[in-house]
Amino acid sequence: MNGEKSRVNISRREFLGLSALGLGISLAGARPAVAASRAAAPDEVAILYDPVKCVGCKACQMACKRWNKLPNESTDPLGIYESPRGLSAITWNIIKLRRTDVGWHFFNYQCMHCTDAACVEVCPTGALHHDPMGFVALDRDLCNGCGYCTQFCPYGVPHLQVENALTGAAKSAKCTFCQDRLRAGIGGPSCAEVCPVGALQWGKRGELLEKARARVAELQAKGMNARIYGENEAGGLHRLSILLDEPEQYGLPSVPKTPGLARFWQRVVQPLGNVAFGAALAGILGVFLFVRRKIRMEEVR
Amino acid sequence: MTVQLRGRAEAVTIQWIPKYTFLERLGHWLHTATFVPLALTGMVLYFPFLRPLAQGEAGEFFRLVHRVAAVIFGLLPIVYYIFQPRRLLLHIREFLPRKEDIGWLKAAPAYYLLGKHEVMPPQGRFNAGEKLNGLVMMVTWAVFGLTGIPMWFGKGVIPPELFRWLVVFHDLAMIVAVCMFLVHLYLAVAHPLMWAGLVSMRFGVTSAEYAAEHHAKWYYGPKRAMEIWEEKKREAAHH
Ligand code: HEM
Ligand code: SF4
Ligand code: SF4
């Protein structure tokens, strides 16, 4: 190494190459922009539930079991109207009896098909994804059973069908909006199709919101404290509900919080990690190139 | 043990002295042999561009490998220290950060980048950089276990609110540990000054001359090492 040349140990080209490497790795993990920032469009499909119309006949619950070929679930007969006790890997739709401050009434629970869906955000396989029609689909063949969705959903909807708790072999399960029916063009979700009193309806989200607003006005005129749940929650739900009290009275969060943490994990922690990997690898390679010129093995003891 | 290496110009004589016990080396390599598959199988879930590997049966397989490796990775230090309780005390003493580690930090750039031996104050059997690596591996081992075990068995048992934070911290531990591992890997296999490190972790011995130069406090004992170091500094100032 002599004079002029030895002062520049890393050439400009190498420096640019290293920077490109670091940047490349930093971006390698970047998520394709998921639908989270978009709002639910009016022509997407949705379900509207009206608990005032609901007579608690459970036809929806049965229709869901039948269409999705879900087995029976044994439950403890405690004389409670609710059976089984809640959603599970084999019960995707359930009627529960709620006692709110304004009295007893039925409420139907199923997946809310969020626009800003925590489950989609954290699913590492894409098994959970936004169907272009608007609902949140689940393709079970892609699922690897990690169970993140079951822990991040703010409504506690997905459940793991566990084959082996030790190895972790499992598949996630939840209401799919009867995705197979919609994709095949057979009709709408079986629960809404079967409801004899129109408490569950399905259709275009924009139109259902109109109906819901009219219905809320009607109920308010009768002196009820009615409101719509799902218009803006979690980016807008594709399962809209009419409530007669605070969401908490139905076990629903007023502000579904989880999407924030899911996004923090996926869009802050993980990208920062990628920047760290990129910087580490590019830095090491740079040091390697530099040191190879500076320190001669023959002089080392 | 003395070995002669013949090059074109001259013969180099290396005198080997023991540095690591057999169990220390076995532990080190079992740690490596489980850490690397753990990092790779974990990344299958972490990197969106590896998504095809995470899907369906492939994903189930990698999750299973992660669990098998995690059992060995988790039990390894525990089993090791049950059989080697005195090494536990020794390692704690060797790995605790000390004030003088700042001296290593100040000298590190000139030492590692320019090969300036004379600026580096005497180091123990593990230099401050190796201590940092060791501490990061110990702390992240605990974080992996404390977060990973409830992630394995805790679904439906612990509150989801807690689970969510566990995955985030499992990822943070992975990011820190993998960056540290990359630096460690480079220094071990490709840095010219560190040539004896890999030899000693494989065969348990190191060159006496290398030890005197790089691990003086261990080779001479702390007191004598400092004396030699002060003496050298005085001499250098004289010239
Ligand atoms: C005691 C040791 C460990 C245990 C018990 C453990 C356990 C787990 C579990 C249960 C999961 C969730 C996936 C599943 O359910 O199969 C997971 C994910 C993961 N693990 Fe570990 N693990 C351990 C060590 C490590 C190590 C050493 C690394 C990396 C250096 C690592 C990196 C990861 C990563 C990157 C993920 C994916 C997280 C994500 O989805 O972003 N783990 N681990
Ligand atoms: S309710 Fe839960 S499972 Fe359904 S879309 Fe929202 S986050 Fe996903
Ligand atoms: S359990 Fe299946 S659907 Fe749920 S997050 Fe994991 S891969 Fe996705």
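Here is the naming used below: chain letters follow the sequence lines, and residue numbers restart at 1 for every chain.
- When the shell of 6.0 Å around CZ of B/Phe169 is examined, it contains 12 or fewer heavy atoms from other residues, nucleotides or ligands.
- With a 4.5 Å cut-off on non-hydrogen atoms, B/Phe62 does not touch chain A at all.
- With a threshold of 4.5 angstrom between heavy atoms, A/Ala276 approaches chain B through its backbone and through its side chain.
- Contact check for B/Ile175 versus A/Val269: side-chain heavy atoms found under the 4.5 Å cut-off.
- Of the possible donor and acceptor atoms, one in the side chain of B/Gln55 sits under 3.5 Å from a partner among the backbone N and O of A/Thr125.
- A donor-acceptor contact shorter than 3.5 Å is absent between the side chain of B/Arg164 and the backbone of A/Leu261.
- For a residue to count as touching a neighbouring chain, one of its non-hydrogen atoms must lie under 4.5 Å from one of that chain's; by this rule A/Thr150 touches chain B with the side chain only.
- With a 4.5 Å cut-off on non-hydrogen atoms, A/Cys153 touches chain B through its backbone but not through its side chain.
- Summarising the geometry, atom CZ belonging to B/Phe61 is positioned 12.5 Å from atom OG1 belonging to A/Thr167; distances are rounded to the nearest 0.5 Å.
- Considering only heavy atoms from C-beta on, B/Arg51 stays 4.5 Å or farther from A/Pro124 through its side chain.
- Of the listed residues B/Gly115, B/Ala196, B/Ala190, B/Cys179, the one with more heavy-atom pairs under 4.5 angstrom with chain A than any other is B/Cys179.
- In this structure, the separation between CD1 on B/Ile158 and CD on A/Gln151 is 6.5 Å, given to the nearest 0.5 Å.
- If you tally non-hydrogen atom pairs under 4.5 Å between each of B/Val68, B/Leu187, B/Val167 and chain A, the highest count goes to B/Val167.
- For CD of A/Glu163, the number of neighbouring non-hydrogen atoms (other residues, nucleotides, ligands) closer than 6.0 Å is 12 at most.
- Contacts of A/Ala170 with chain B are made by backbone atoms alone, with heavy-atom separations under 4.5 Å and no side-chain atom involved.
- A donor-acceptor contact shorter than 3.5 Å is absent between the side chain of B/Lys155 and the backbone of A/Tyr148.
- Using a 4.5 Å cut-off on side-chain heavy atoms (C-beta onward), A/Asn144 and B/Arg63 make contact.
- Taking the six-membered ring for Trp and thresholds of 30 and 60 degrees, A/Phe288 and B/Tyr186 have ring planes more than 60 degrees apart, a perpendicular arrangement.
- The choice from A/Cys146, A/Ala165, A/Gly126, A/Ala127 that makes the most heavy-atom pairs within less than 4.5 Å of chain B is A/Cys146.
- Distance check, rounded to the nearest 0.5 Å: CD of A/Gln266 to CG of B/Asp171 gives 8.0 Å.
- The shortest distance between side-chain heavy atoms of A/Trp265 and B/Trp165 does not fall below 4.5 Å.
- Proximity to chain B involves both the backbone and the side chain of A/Leu166, based on heavy atoms less than 4.5 angstrom apart.
- Crowding of A/Arg183 atom CZ: a count of heavy atoms from other residues, nucleotides or ligands under 6.0 Å exceeding 12.
- Taking both residues in full, the closest heavy atoms of B/Leu182 and A/Ala280 are given as CD1-CB, 4.4 Å, listed atom of the first, atom of the second, then distance.
- Counting heavy-atom neighbours within 6.0 Å of A/Phe15 CZ, excluding the residue itself, gives a total of 12 or less.
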Apply the test side chain to side chain contact (heavy atoms under 4.5 Å, CB included) to residues A/Val291 and B/His191: give CA-CA distance (whole Å), side-chain angles for both, the deciding distance (0.1 Å), then the verdict.
CA-CA 8 Å; A/Val291 164; B/His191 195 285; 3.9 Å; yes
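- In the displayed structure, B/Glu57 atom CD is contacted under 6.0 Å by at most 12 heavy atoms of other residues, nucleotides or ligands.
- How far CD of B/Glu161 is from CZ of A/Phe152: 10.5 Å, rounded to the nearest 0.5 Å.
- Residues A/Ala169 and B/Glu60 share a closest heavy-atom pair of CB-OE1, 4.3 Å.
- Residues B/Leu114 and A/Phe290 meet the side-chain proximity criterion, which asks for heavy atoms closer than 4.5 Å.
- Contacts between B/Met180 and chain A at a heavy-atom distance below 4.5 Å are absent for every atom of the residue.
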